[in-house]
Amino acid sequence: EFQETLAAQSGVPADHVLELVTEDGDPVVIEGEAVEIHDVYSALEELAARSAARRLSGTQIGELKSLVEAMDAAAESEDLDRYYSLNLSFHRLLVEGSGNRRLLSIYNRLLNELHLFRRFGLTQRGEMQLSNREHHQILDKIAAGDPEGAAEAMRIHTSERRRKMLLRPDKFDPKSH
């Protein structure tokens, strides 16, 4: 298998090599760095959700609610482009709402590196709906002013996205971003 060959050549363990295939069938390989980036990103998202639950105003929570409702509609119509854009806005609003400028700076850098993987995780049938159910849970905890509940809901959400990323690397299409 390509991953095992690359692992042997590069010295990277096979389970840390993701083989990504373009529409043309050309392999593109991302080593374990993608997993490491996702793990850091997940920790930042948890911090953002925890902080946002303490700080967001009623108006900001209303903005999050509007985004989640719009994602429901996009998921229902299977509009991946619209869903993805709204999803980015939802997560960005949480990070901005944390009030932590350093967090926002680091988040923006990692977001650029994870962009392809985040979108890919939504391409399987039903994944937009599942992802948005998780957004509803995050929003409910934030609206209730529950920082630890919000962080836990975000941890579940990002863990599920990471699992999906690793589960189906053979179906990843870098041209879809």
Side-chain angles (χ1 to χ4, degrees), residues 18 20 34-100 103-104 107-108 110-174 176-177:
L18 295 177
L20 311 178
V35 174
E36 292 172 358
I37 291 167
H38 195 281
D39 289 347
V40 172
Y41 166 80
S42 295
L44 294 176
E45 285 273 20
E46 283 183 50
L47 175 59
R50 183 179 293 113
S51 299
R54 291 183 180 117
R55 296 179 40 99
L56 289 182
S57 68
T59 300
Q60 290 168 309
I61 291 170
E63 289 174 38
L64 286 173
K65 186 174 193 264
S66 293
L67 288 168
V68 169
E69 289 171 354
M71 281 187 279
D72 281 335
E76 180 67 31
S77 64
E78 297 188 19
D79 185 346
L80 177 60
D81 291 332
R82 177 98 175 109
Y83 184 91
Y84 187 69
S85 174
L86 293 163
N87 182 47
L88 289 176
S89 295
F90 175 83
H91 286 274
R92 175 170 300 286
L93 184 56
L94 285 178
V95 173
E96 290 172 351
S98 75
N100 186 325
L103 171 61
L104 180 59
Y107 173 85
N108 285 333
L110 288 179
L111 183 64
N112 289 334
E113 296 181 56
L114 269 178
H115 177 65
L116 297 176
F117 296 102
R118 292 181 83 202
R119 182 178 169 102
F120 163 69
L122 300 169
T123 60
Q124 312 306 314
R125 180 169 291 282
E127 287 305 315
M128 287 184 280
Q129 291 86 348
L130 176 60
S131 173
N132 211 41
R133 277 196 296 274
E134 294 162 358
H135 290 145
H136 278 281
Q137 292 166 353
I138 295 163
L139 176 60
D140 289 347
K141 298 296 183 182
I142 289 171
D146 179 359
E148 294 310 314
E152 177 64 12
M154 182 61 78
R155 186 195 62 73
I156 291 167
H157 177 61
T158 59
S159 294
E160 183 62 17
R161 301 302 106 212
R162 179 185 190 271
R163 188 181 74 77
K164 298 290 183 178
M165 176 182 78
L166 295 175
L167 188 63
R168 301 287 307 266
D170 59 312
K171 301 294 183 198
F172 179 80
D173 177 4
S176 70
H177 70 285

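Here the structure is a predicted model, which is why all the values come from computation and not from measurement.
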Close side-chain approach of Met154 to Leu47, heavy-atom, < 4.5 Å | no
Spatial distance of atom OG (Ser51) from atom CD1 (Ile142) [nearest 0.5 Å] = 10.0 Å
Mark yes or no for whether Ser66, through its side chain, and Gly62, through its backbone, hold a donor-acceptor pair below 3.5 Å.
-> yes
For Tyr83 against Ser131, the heavy-atom pair lying closest together = OH-OG, 3.0 Å
ring-ring contact (aromatic ring centres under 6.0 Å, His included) partners of residues 130-151, not counting sequence neighbours, each pair once = Phe90-His135, His91-His135, His135-His157
Sorted by first residue and then second, give each side chain to side chain donor-acceptor pair (under 3.5 Å) pair with at least one member in residues 143-155; sequence neighbours left out.
-> Arg50-Glu148, Glu152-Arg155
Calculate, to the nearest 0.5 Å, the distance between atoms CZ and OH belonging to Arg92 and Tyr107 respectively.
-> 6.0 Å
Residue pair Val95 / Leu44, side-chain heavy-atom distance below 4.5 Å = no
Provide the closest heavy-atom pair for Leu104 versus Glu96 in the form atom of the first, atom of the second, distance.
-> CD1-CG, 4.0 Å
Flag if over 12 foreign heavy atoms under 6.0 Å of CD, Glu69 | yes
Between Arg55 and Gly97, the two heavy atoms sitting closest are NE-O, 3.2 Å
Does the side chain of Leu139 reach to within under 4.5 Å of the side chain of Ile61, using non-hydrogen atoms?
-> yes
Which heavy atom in Leu93 sits nearest to a heavy atom in Glu63, and how many Å separate them?
-> CD2-CB, 3.7 Å
For Leu94, does its backbone N or O pair with a side-chain atom of Ser98 as donor and acceptor, under 3.5 Å?
-> no
Of all heavy-atom pairs linking Glu46 and Ala151, the shortest is CG-O, 3.5 Å
How long is the span from the CG atom in Asp72 to the CG atom in Asn132, to the nearest 0.5 Å?
-> 4.5 Å
Ser77 (side chain) donor-acceptor with Ala74 (main chain) under 3.5 angstrom | yes
Tell me, which pairs form a salt bridge (Lys or Arg N to Asp or Glu O under 4.0 Å) where one or both residues lie in residues 132-142, sequence neighbours left out?
-> Glu134-Arg161
Measuring from Leu86:CG to Asp81:CG, what's the distance to the nearest 0.5 Å?
-> 11.0 Å
